[in-house]
Amino acid sequence: MDDRIEELLAKLDLQGKLRLISGAGLFRLAGDPAIGLAEMPISDGPSGVRGENWDERDPSVSLPSGTAIAATWDPELLGEIGALIAAEARRKDVYAVLGPTINLHRSPLGGRHFECFSEDPLLTAEMAAAYVRAVQAHGVSACPKHYVANDSETDRFTVDVRVADRTLRELYLYPFERSVEAGAWMVMNSYNSVNGVTMTENTLLDEPLKGSWGFDGVVVSDWGAVRSIAGAARGTDLCMPGPPMLWGEPLTKAVRSGEISEEAIDDKVRRVLRFATRVGALDGPPQPTPDFTDAQAQDLVRHVAAQAMVLVRNDGTLPLRDGTKIAVLGPSAAEPRFLGGGSATVLPGHTTTPLAGLEAVLPVTHTPGVRLVEGLIPAPLELITDPETGTPGLSVRYFAGTTEIATQHRTTASLVLLGDPVADRASRIQLRARLRADTAGDWQIGFGGIGHVRLDVDGATALEDDVVLGSGDPAAALLNPPQRYVTRTLAVGQEVDVRVAVDVQEAVPGLGIVLGITLGITRPRRPEDEEFAAAVELARNAEAAVVVVGTTERIESEGVDRTSLRLPGRQDELVTAVAAVNPRTVVVVNSGAPVEMPWRDDVAAVLLSWFPGQEFGAALADVLTGAAEPGGRLPTTWPKTITDVPVLGTTPDNGTLDYTEGIHIGYRAWLRTGTEPAYPFGHGLGYTTWSSSDLTVSGRVATITVRNTGDRAGKQVVQAYLSRPDSSVDRPVRWLAGFATVNLEPGDSRLVEITLPPRAFEHWTDNGWATEPGAFTVHVGTSVTDLPHTAYVD
């Protein structure tokens, strides 16, 4: 490969080289026909593959969120997930998937907490390495991100994270180190600075990434993160997006003047060519990937979602027996969140809600009880008709001045225009649909968008406004634009013609038009107290109540950190009221990150579903009825209240965010403070019982006998922690050193082996890695606080 790369490099002049180290488009790497190099589309999607465009007409499989995947504690399962991701990528002509997100859960308030795996560096590292191996086994590149210390969203473009070298090495860098060991072909760096230097120019790219770790792949910038021409002399290899700006003509002049050496450019080009060879964009077609039918993809996502769900409390109510008459309540029962907000979003062609999933297997009554989403929702497809085609959906017309340049039929009322070639040529965009009322009463009809926006209803202008974006983050413009609406009283079956026209604002440099437009509605609602009382009454008359509560894509999203851990609205009040009238109340928490649950000890069962992907309803029905085991264990600590959280802050002080807690984050910090959380790291229940015995440690391998003592098959996650209470080094009270997942039939037993890697015993010093001589204690059990077995190892 190296000889071939040098041969191709010699054929490129300076301009040809520079074309290859900047994108050719928003999600496309440059090619060069003269040397046989194809352009390489890439895609967002740690939890699915969206493709180059944000377009519902080309749907994607929606996988569970990062927290859900990590909650399986099953790296082997990622082999199947990786095959599906690779197949989706190849179907969409994508050469690299921008994931996994392997930043740590430093604070539960982190906006992208749902997208990341865990608060623990070892669990994150093992899942990350498995993800990389699984996807790249099929010739598609993974891209672990964001290197490094991008663990919160507040001021994410400018924040300077101050963090000690030991903390970086032992915690935040470790998942990236394991990803490189697993063979990662691409790594994305982050927007933030670390210790005063922006990450696209930080020496951490040279050492340890390209130095002692030996990373020979491509370091790609996060989109728009390259700050200067001078950065081209440093560790970032590929400036995204394109076409070239900073690294175009200005960089040409800098190289020709000698300000930046051409040798530095050559190293970047070598890496790009090596990457192209690996993914099949040079000297041959891409490697074929496994074939997945829609049914196979749905079955896998359903299985993974069930394996990820964590049962944290159960008084025996679960699993529900056949024929149990249940009241399905809560705002997320019929309108759940399948995934958090931001660039992780994919557009599935199929979803199942908790309500639909449970209706398929049990007798159900339903009402939400409380509303979670305030404001407009995208008009449902079943209520809108494209007047141009007469089919479900809407018409989108693009104008340049007064000239119509394109018309599209779309099947979503919420458009995300990012890198859209038609939108980039337009000065005005118009959405039009016939809206049919399915309920009599006062309807709110309006739009979400920024710029000069006009709403017409039945041919008359109902609202016109210049809407300004409150946040400077482009993610907000795309996914959460401000809303405006009018109220109209409609009869059942009545139709109105609705048009939303937006004057397109100036393009964002490097990104083009960044615009979200929604034709939105709010159906008539019965009075709030009446709706609440109706839910309580349904619960009173049911054999069991299932209350599905949760957050939203606005609360958990790229671009914004949370400010509270409380469930929004009156959800806590609803759970309390339902539990008071039905002792068999099961609460399903549909969030990607921890929330407070003040009622947790007053209900029969609590099941954490995370953001579980498109098969939410089917997987939930499997778990609640016992058709599947709730296979998850907590990858992060869940607090009782926000005031108990030992590491919380995400807001910089004068532009700086200090990681003063050092190596003590997550359960390490909880153990250090002695505060008891609601549910500890590693905790999770199943539907059978277990015993374990005969722990031995030989060399660096712990073995223990695990037996399923119950009457049904089940899953157990055996966890090994180390401690050294008399250490001369500042250490956690305990830290995860290894784990193993075991599935057993009733009555069966197995000798489980857990390898304790050398790194688990090491600590970072000014002179590199070191191991303190003497004995370490090995603790084995089923959570960080349930460790009945101990042994010692030197």
Side-chain angles (χ1 to χ4, degrees), residues 1-13 15-45 49-53 58 60-61 79-99 131-144 179-188 210 214-220 237-243 265-292:
M1 184 189 299
D2 289 344
D3 289 345
R4 176 65 172 147
I5 288 170
E6 293 303 319
E7 176 189 339
L8 296 176
L9 181 64
K11 294 181 179 180
L12 296 170
D13 60 14
Q15 289 299 106
K17 294 173 184 178
L18 296 184
R19 277 196 300 273
L20 298 187
I21 64 170
S22 284
L26 186 61
F27 288 104
R28 182 173 286 252
L29 309 190
D32 191 327
I35 62 171
L37 176 63
E39 290 192 347
M40 294 169 279
I42 57 180
S43 173
D44 275 326
V49 184
R50 191 173 60 245
E52 280 192 274
N53 299 309
D58 183 17
S60 308
V61 175
E80 299 177 65
I81 296 169
L84 176 57
I85 290 172
E88 283 282 281
R90 188 68 68 237
R91 181 175 66 82
K92 290 175 174 282
D93 190 32
V94 162
Y95 288 79
V97 177
L98 302 177
Y131 186 111
V132 168
R133 285 191 298 265
V135 173
Q136 293 186 176
H138 304 285
V140 174
S141 178
C143 180
S179 296
V180 171
E181 290 175 357
W185 297 336
M186 178 179 277
V187 168
M188 183 192 296
K210 293 181 176 180
F215 177 65
D216 66 355
V218 171
V219 175
V220 60
D237 301 311
L238 182 58
C239 176
M240 290 298 290
I265 305 302
D266 286 350
D267 180 68
K268 301 178 192 301
V269 175
R270 288 186 184 97
R271 291 171 178 273
V272 171
L273 294 175
R274 187 178 297 118
F275 173 85
T277 301
R278 287 167 166 165
V279 298
L282 189 64
D283 293 337
Q287 177 181 331
T289 59
D291 290 326
F292 278 85

Asker: Under 3.5 Å, side chain of Arg274 to main-chain N/O of Asp216, donor-acceptor pair present?
Answerer: yes
Asker: Are any non-hydrogen side-chain atoms of Pro290 and His138 less than 4.5 angstrom apart?
Answerer: yes
Asker: Do the non-hydrogen side-chain atoms of Asp283 and Thr277 ever get within less than 4.5 Å of each other?
Answerer: no
Asker: Could you report the tightest heavy-atom contact between Val97 and Ile85, atom names first, then the distance?
Answerer: CG2-CG2, 3.9 Å
Asker: Using side-chain heavy atoms (C-beta onward) and a distance below 4.5 Å, is Leu84 in contact with Val61?
Answerer: yes
Asker: With the side chain counted from C-beta on, respond yes when Arg4 and Leu8 share a heavy-atom pair under 4.5 Å apart, and no when they do not.
Answerer: yes
Asker: Between CG of Leu273 and CG of Asp266, what distance do you get to the nearest 0.5 Å?
Answerer: 10.0 Å
Asker: Side-chain contact test, heavy atoms from C-beta onward, threshold under 4.5 Å: evaluate it for Val187 versus Ser179 and give yes or no.
Answerer: no
Asker: May I ask you to decide if Ser60's main-chain N or O and Arg91's side chain share a donor-acceptor pair within less than 3.5 Å?
Answerer: no
Asker: Just verifying a value: how many Å separate Met1 CE and Leu282 CG, rounded to the nearest 0.5 Å?
Answerer: 9.5 Å
Asker: How many angstroms lie between atom CD1 of Ile265 and atom CD1 of Ile21, to the nearest 0.5 angstrom?
Answerer: 4.0 Å
Asker: Roughly how far, to the nearest 0.5 Å, is OH of Tyr95 from CZ of Arg90?
Answerer: 7.0 Å
Asker: Quick check: closest heavy atoms across Val132 and Pro144, and the distance to 0.1 Å?
Answerer: CG2-CG, 3.8 Å
Asker: Taking all heavy atoms of Asp237 and all of Lys210, pick out the closest pair and write down the distance.
Answerer: OD1-NZ, 2.7 Å
Asker: With a cut-off of 6.0 Å (strictly less than), are more than 12 heavy atoms of other residues, nucleotides or ligands near CG of Asp13?
Answerer: yes
Asker: Taking only residues two or more places apart in sequence or in another chain, which ones pass side-chain hydrogen bond (donor to acceptor under 3.5 Å, both in side chains) with Gln136?
Answerer: none
Asker: Which pair of heavy atoms, one from Arg270 and one from Glu6, lies closest together, and at what distance?
Answerer: NE-OE2, 2.6 Å
Asker: Of the non-hydrogen atoms in Val218 and Arg271, which two are nearest, and what is the gap between them?
Answerer: CG2-O, 3.3 Å
Asker: Please tabulate, one pair per line, all N/O donor-acceptor pairs under 3.5 Å involving side-chain atoms of residues 22-43, not counting sequence neighbours.
Answerer:
unit_1 : atom_1 : unit_2 : atom_2 : d
Arg28  : NE     : Glu52  : OE2    : 3.1
Arg28  : NH1    : Glu39  : OE1    : 3.0
Arg28  : NH2    : Glu52  : OE1    : 2.6
Asp32  : OD1    : Ala34  : N      : 3.0
Ser43  : OG     : Arg50  : N      : 3.2
Ser43  : OG     : Gly51  : N      : 2.8

Asker: On a heavy-atom basis, which atom in Gly139 and which in Trp185 lie closest, and how many Å separate them?
Answerer: C-CZ3, 4.0 Å
